[in-house]
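Numbered from 1 within each chain, the chains take letters A, B, ... in sequence-line order.
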Number of protein chains: 2
Amino acid sequence: MILSMVGMPIKDRKAERREATKAEILDAAWDLVREQGLGGLNLRDVAARIGMRAPSLYEYFASKHAIYDAMFAQGYRQFAAVIAEAEELSGEDGLRAVSHRAMAFMVEDPARYQLLFHRTIPGFTPSPQSYALSVQQLDRTRAWFDRNGFAAPGALDLFTSLIGGLAGQQIANEPGGDHWVRLADAAVDMFLSYITAAGGTARHTRERTRS
Amino acid sequence: MILSMVGMPIKDRKAERREATKAEILDAAWDLVREQGLGGLNLRDVAARIGMRAPSLYEYFASKHAIYDAMFAQGYRQFAAVIAEAEELSGEDGLRAVSHRAMAFMVEDPARYQLLFHRTIPGFTPSPQSYALSVQQLDRTRAWFDRNGFAAPGALDLFTSLIGGLAGQQIANEPGGDHWVRLADAAVDMFLSYITAAGGTARHTRERTRS
DNA sequence: GTCTATATGTGGATAGAC
DNA sequence: GTCTATCCACATATAGAC
């Protein structure tokens, strides 16, 4: 809005159309990675799916990696929205809500899970702007953990590994199923009893050297 | 050895040479996926690395996927050997040893981690023989869990998700580092206190419906 | 802004000489 | 058993007409 100038219409129809087309391209790209796997994305198919030819895409994205980057950013905005709702709750209820929503978000789209939470595309690194979205999301959840007393060192990393690990196994071993998804509550039980144990603070920070 | 027949030398020099070359090819392939990522493997580079041309590889492997398949099998044999040593111990010591060795095995080679524990190569599925190796490995650890009293439903899946999840985060966020690796002991503490809690058996099998 | 045509490159796989 | 030569399919990206 700051960029709009005197004498120009507030709503730039051209820019709007352009954004709509970019969104169409991204939708088609998501469809394709869901069908062919994250690495199977190719520009011809993306273009064909919206009635275009591959070269036309370059009017909207500078490269294939730029499309991946936009998908990465879009995915993290979706993730942020999903988690933000759950983080309106607090305490145990909040943690369970976050767990369920994060788990559902991950397993419902394996390709998106790979793009957002693993480094699986050779040569692709998210741009600083897109990467910042992931950092901000983690910061928000860190703050929520602090506000809710889940403040032990390593607690957040342990929790994200736990949920992400269950989702990863679900996706790798039984995509579309729910065997590991159903373990989410047990995982939260385990995490909660560990993190809220009296005198537990020293226990999980202690360095160990055995075996 | 059963296949050797009367009048034939026990050691078939030709077959030995052949196996040696196949091993050379696999070594080169491992080098390449470590350098270029699992998906970056290509036959020309593999061949060049051992002083061959790409077509010669077809004398030893029927396709690129066959190479991936042999790598998959080889990786699980290595994994089995590493875990078997740790499973000579028992109880908490054994569990810690398994955790440390599994974690080290996973993070020391991200490409191998991806190949063995995730489905990341479009179109590749391990052959039944190779897949059986992964099933057998899980069965052995399941038996070890039973022998050692970690028998609660879901315990094994929770444990593998926990260790695999930590390794995955380590690899995705800080390859070569040890931030998540150092959380392995805390994770085992958490798992042990959950699994050995008095009356805990009912708790972690209980179905939950909240949020 | 979209197209056709094409440059340019890669990579798996096969044929057939040696 | 290894090679050269090549096929074929595919894919990113660019040039330039419309």
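The list of ring-ring contact (aromatic ring centres under 6.0 Å, His included) pairs with a residue in residues 43-69 of chain B, not counting sequence neighbours, reads B/His65-B/Phe124, B/Tyr68-B/Phe124. Screening residues 57-72 of chain A for salt bridge (charged side-chain N to carboxylate O under 4.0 Å, His left out) gives no qualifying pairs among residues at least two apart or on separate chains. For residues 71-90 of chain A, the salt bridge (charged side-chain N to carboxylate O under 4.0 Å, His left out) pairs, not counting sequence neighbours, are A/Glu85-A/Arg101.
The span of DNA chain D lying next to chain B, judged by atoms under 4.0 Å from heavy atoms, is bounded 5' to 3' by D/dG1 to D/dA5.
Less than 4.0 Å separates DNA chain C from no heavy atom of any residue of residues 20-39 of chain B. If you check residues 50-71 of chain A against DNA chain C, the residues with a heavy atom closer than 4.0 Å are A/Gly51, A/Met52, A/Arg53, A/Pro55, A/Ser56, A/Glu59, A/Tyr60, listed by number.
In this view, A/Arg140 and A/Gln137 satisfy the side-chain hydrogen bond (donor to acceptor under 3.5 Å, both in side chains) rule, not counting sequence neighbours. In terms of the side chain to side chain contact (heavy atoms under 4.5 Å, CB included) criterion, residue partners of B/Ala54 (sequence neighbours excluded) are, by chain and number, B/Leu43, B/Arg44. By the side chain to side chain contact (heavy atoms under 4.5 Å, CB included) test, B/Arg49 is found to be paired with B/Ala28, B/Asp31, B/Leu32, B/Glu35, residues two or more places apart in sequence or in another chain being considered. Applying the ring pair (Phe, Tyr, Trp, His ring centres under 6.0 Å) criterion to A/Phe150, with sequence neighbours excluded, gives A/Trp144, A/Phe145. For A/Gln78, the side-chain hydrogen bond (donor to acceptor under 3.5 Å, both in side chains) criterion is met by A/Arg112, not counting sequence neighbours.
Checked against the 6.0 Å centroid threshold, A/Tyr76 and A/Tyr131 do not count as a close aromatic pair.
Atom pair B/Leu43:CG and C/dG12:C1' shows a separation of 6 Å (rounding to whole Å applied). Note: CG (B/Asp45) to C1' (C/dG11) measures 10 Å, nearest angstrom.
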In a table with atom names and distances, give each donor-acceptor pair under 3.5 Å that connects a side chain of residues 164-181 of chain B to protein atoms at least two apart or in another chain.
| residue | atom | partner | partner atom | Å |
| --- | --- | --- | --- | --- |
| B/Gln169 | OE1 | B/Asn173 | ND2 | 3.3 |
| B/Gln170 | OE1 | B/His179 | N | 3.1 |
| B/Gln170 | OE1 | B/Trp180 | N | 2.7 |
| B/Gln170 | OE1 | B/Val181 | N | 3.1 |
| B/Gln170 | NE2 | B/Glu174 | O | 2.8 |
| B/Gln170 | NE2 | B/Glu174 | OE1 | 2.7 |
| B/Gln170 | NE2 | B/Gly177 | O | 3.4 |
| B/Asn173 | ND2 | B/Gln169 | O | 3.2 |
| B/Glu174 | OE1 | B/Asp178 | N | 3.4 |
| B/Glu174 | OE1 | B/His179 | N | 3.2 |
| B/Asp178 | OD1 | B/Arg182 | NE | 3.4 |
| B/Asp178 | OD2 | B/Arg182 | NE | 3.4 |
| B/His179 | NE2 | A/Asp157 | OD2 | 2.6 |

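Positionally, the nearest nucleotide of DNA chain D for B/Arg18 lies more toward the 5' end than for the other of B/Arg18 and B/Arg44.
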